[in-house]
Amino acid sequence: MSLPHILLTDSQSHLLAELLLAPLPVREGSSRGPEVNEEDSAARGLDHDTTLVDLSRLIAFGLVVHEAGSVQVTDLGMAVHYEKQLGVAQSHLGDVVRFATAVEGSHPRLAQTLRLLAQGEISLRTAVTDAVSTEQGG
């Protein structure tokens, strides 16, 4: 089953990540949705006004749910969060491979080692050992 494509703002992604760590206490609010105590949002490094807006959007997307005096992440919210994290990690690995390609002409052994490390074909220890032996050898 594929996930729906949901674009989140940076602040929505941050709030979702915070809610994965622990539910956020809320009280019944107005027709706009649950209200978050300013101290609770500040304790997590969240802007209170932005949190209120983002929270209502995350509930509307079905990524979080308001239950028993708190908001917590749904299974869909967890999947969306980790899918985004996977995308970030893949992007970083892509950067490593592009860097390896860029230095291949002047440091062919380093480029090969970086590629193997990024692909998970060698361990970090092996990569470091290879780099040190290359450096000492010449």
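In this chain, residues are counted from 1 in sequence order. Only this structure's heavy atoms are used, side chains among them; waters, hydrogens and symmetry mates stay out.
Residues Gln12 and Leu7 come closest through the heavy atom pair OE1-O, 4.2 Å. When all heavy atoms of Leu16 and Leu8 are compared, the closest pair comes out as CD2-CD1, 4.0 Å.
With sequence neighbours left out, the side-chain hydrogen bond (donor to acceptor under 3.5 Å, both in side chains) criterion links Ser13 to Lys84. For Leu76, the side chain to side chain contact (heavy atoms under 4.5 Å, CB included) test picks out Leu3, Pro4, Leu63, Thr74, Val80, with sequence neighbours left out. Every residue two or more places apart in sequence or in another chain that forms a side chain to side chain contact (heavy atoms under 4.5 Å, CB included) with Val96 is listed here: Leu114, Ala118. Not a single salt bridge (charged side-chain N to carboxylate O under 4.0 Å, His left out) links Glu83 to another residue, sequence neighbours left out. Not a single side-chain hydrogen bond (donor to acceptor under 3.5 Å, both in side chains) links Ser70 to another residue, sequence neighbours left out. Evaluation of the salt bridge (charged side-chain N to carboxylate O under 4.0 Å, His left out) rule for Asp47 yields no partner, not counting sequence neighbours. Partners of Arg115 under the salt bridge (charged side-chain N to carboxylate O under 4.0 Å, His left out) rule, at least two apart in sequence or in another chain, are Glu104. Under the side-chain hydrogen bond (donor to acceptor under 3.5 Å, both in side chains) criterion, Asp95 pairs with Arg98, not counting sequence neighbours. Looking at residues two or more places apart in sequence or on another chain, you find no salt bridge (charged side-chain N to carboxylate O under 4.0 Å, His left out) involving Arg125. Glu67 meets the side chain to side chain contact (heavy atoms under 4.5 Å, CB included) test with Val65, Gln72; sequence neighbours excluded. Remark: Gln90 engages no residue in a side-chain hydrogen bond (donor to acceptor under 3.5 Å, both in side chains) (not counting sequence neighbours).
Between the side chain of Ser91 and the main chain of Gly87, no donor-acceptor pair closer than 3.5 Å is present. No side-chain donor-acceptor contact under 3.5 Å links Thr50 to the backbone of Leu46.
For the pair Val73 and His81, the minimum side-chain heavy-atom distance is 4.5 Å or more. Pro34 is listed as a side-chain neighbour of Val71, based on a closest heavy-atom distance under 4.5 Å.
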(request) Given side chain to side chain contact (heavy atoms under 4.5 Å, CB included), test Val26 with Leu55 step by step and report yes or no. (result) CA-CA 11 Å; Val26 294; Leu55 189 55; 4.2 Å; yes

(request) May I have the step-by-step check of side chain to side chain contact (heavy atoms under 4.5 Å, CB included) for Asp49 and Val53, ending in yes or no? (result) CA-CA 7 Å; Asp49 294 332; Val53 172; 6.0 Å; no

(message) Checking Asp130 against Leu110 for the side chain to side chain contact (heavy atoms under 4.5 Å, CB included) test, could you report, in this order, the C-alpha distance in whole Å, the side-chain angles of both residues, the deciding distance, and whether it holds?
(response) CA-CA 9 Å; Asp130 185 57; Leu110 173 64; over 6 Å; no

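Annotation for His107: atom NE2 does not count as buried by contact number, only 12 or fewer foreign heavy atoms lying within 6.0 Å. Within 6.0 Å of the CZ atom in Phe99, the count of heavy atoms belonging to other residues, nucleotides or ligands does not exceed 12.
Here the CG-CD distance, from Leu117 to Gln112, works out to 12.0 Å after rounding to the nearest 0.5 Å. For the atom pair CG of Leu116 and CD1 of Ile122, the computed distance is 5.0 Å after rounding to the nearest 0.5 Å. Here the straight-line distance linking atom OG1 of Thr129 with atom CG of Leu124 works out to 9.0 Å at 0.5 Å rounding. Within the model, atoms CG of Leu58 and CG of Leu15 stand 5.5 Å from one another, a figure rounded to the nearest 0.5 Å. Between the CZ atom of Arg57 and the CG atom of Leu52 there is a distance of 14.5 Å, given to the nearest 0.5 Å.
Clustering ILVMFWY residues whenever any of their side-chain heavy atoms sit less than 4.5 angstrom apart, transitively, puts Val103 in a cluster other than the one holding Leu93. Side-chain heavy atoms closer than 4.5 Å link hydrophobic residues (I, L, V, M, F, W, Y) into clusters, and following such links, possibly through other members, connects Phe61 to Tyr82.
The stretch residues 3-19 participates, sequence neighbours left out, in these salt bridge (Lys or Arg N to Asp or Glu O under 4.0 Å) pairs: Glu18-Arg44.
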